[in-house]
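Everything on this sheet refers to the single structure shown next.
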Amino acid sequence: MYEPIRTKSVHTMAEPVRGGHGPRRSRGQELDIRLAGHLTALLTVTDELRALTPSAELDDAARRLAARVERLRGGHAPLRAVPTVADGGPARVHALHQRAHMLAGQALVVAGSRGDTAGAALAEGRLRAHAAALGITDDI
């Protein structure tokens with residue numbers, strides 16, 4: 001009645017991740033993917049801020065973020081969204097700086113876990129810049 005399957009399926013690609021599907025990745029690869037994601041999100045917020053409050057500092061930050069993401073993704077440039085400049089009031093700018101500050105902090109943690117000094121330095125610089133824009137000081 002029942003004949004066991006004796007050959008491997010043609011649909012099997014690689015060993016699955018613990019309890020999941022797809023190929024197994026190293027911890028370093030997972031951290032690189034996570035760091036690239038945080039930096040890409042930070043780049044998106046930076047592009048929004050550039051549209052609302054253009055500055056050479058934000059232009060430089062966007063260029064450096066894009067270059068770092070490209071390195072992390074093996075030469076693939078990050079996808080860039082067209083900024084939505086619907087409401088450019090001070091509250092919107094403040095909210096974007098808060099979001100960027102949070103994303104830079106997350107990127108800093110992941111870069112530190114990975115031992116990525118260049119990524120950590122970039123994230124720390126963005127963290128400080130957005131903290132300054134928010135009026136957050138180190139005098140705690």
ask   = How far does CG of Leu65 sit from CG of Leu122, to the nearest 0.5 angstrom?
value = 4.5 Å
request  = Compare every heavy atom of Ala111 with every heavy atom of Gly119, then report the nearest pair and how far apart it is.
outcome  = C-CB, 3.8 Å
message = According to ring pair (Phe, Tyr, Trp, His ring centres under 6.0 Å), who are the partners of His97, at least two apart in sequence or on a separate chain?
response = His130
key: Separation between CD of Gln98 and CG of Leu103, rounded to the nearest 0.5 Å   = 12.0 Å
task = Return the set of residues passing side chain to side chain contact (heavy atoms under 4.5 Å, CB included) with Ser26 (not counting sequence neighbours), or none when no residue passes.
result = Gln29
remark   = Contacts of Asp47 meeting salt bridge (Lys or Arg N to Asp or Glu O under 4.0 Å) (sequence neighbours excluded), chain-then-number -> Arg50, Arg80
task = Drop me the distance from Glu48's CD to Leu43's CG, to the nearest 0.5 angstrom.
result = 11.0 Å
task = Indicate, with yes or no, if Leu39 and Val109 share a hydrophobic cluster defined by side-chain heavy-atom contacts under 4.5 Å among Ile, Leu, Val, Met, Phe, Trp and Tyr.
result = no
task = Go through Arg64 and Arg126 one step at a time and tell me if the side chain to side chain contact (heavy atoms under 4.5 Å, CB included) criterion holds.
result = CA-CA 11 Å; Arg64 290 180 29 224; Arg126 299 313 311 144; 5.7 Å; no
key: Approximate separation, where rounding is to 0.5 Å, of Leu96 CG and Leu134 CG   = 10.5 Å
ask   = At what distance, to the nearest 0.5 angstrom, does CG of Leu58 lie from CZ of Arg63?
value = 13.0 Å
remark   = Sorted by chain and number, sequence neighbours left out, side-chain hydrogen bond (donor to acceptor under 3.5 Å, both in side chains) with Arg99 holds for none
note = Output for pair (Ile33 CD1, Leu35 CG), nearest 0.5 Å, gives 11.0 Å
task = Give the minimum heavy-atom separation between Ala129 and Glu57, together with the two atoms involved.
result = CB-OE2, 3.8 Å
task = Looking only at non-hydrogen atoms, find the nearest pair between Ala51 and Pro54 and report the distance.
result = O-CD, 4.4 Å
key: All salt bridge (Lys or Arg N to Asp or Glu O under 4.0 Å) counterparts of Arg34, not counting sequence neighbours   = none
key: Whichever hydrophobic residues join Leu108 through chains of side-chain contacts under 4.5 Å   = Leu127
request  = Any pair with a residue in residues 101-112 that passes salt bridge (Lys or Arg N to Asp or Glu O under 4.0 Å), sequence neighbours left out, goes on the list, sorted by first then second residue, please.
outcome  = none
Contacts under 3.5 angstrom, residues 67-78 side chains, donor-acceptor by atom type, not counting sequence neighbours:
unit_1 : atom_1 : unit_2 : atom_2 : d
Arg68  : NH2    : Asp116 : OD1    : 2.9
Arg68  : NH2    : Asp116 : OD2    : 2.5
Arg73  : NH1    : Ala77  : O      : 3.0

ask   = Which residue pairs satisfy the ring-ring contact (aromatic ring centres under 6.0 Å, His included) criterion with at least one member in residues 26-56, sequence neighbours excluded?
value = none
query = What residues, two or more places apart in sequence or in another chain, satisfy side chain to side chain contact (heavy atoms under 4.5 Å, CB included) together with Ala132?
reply = none
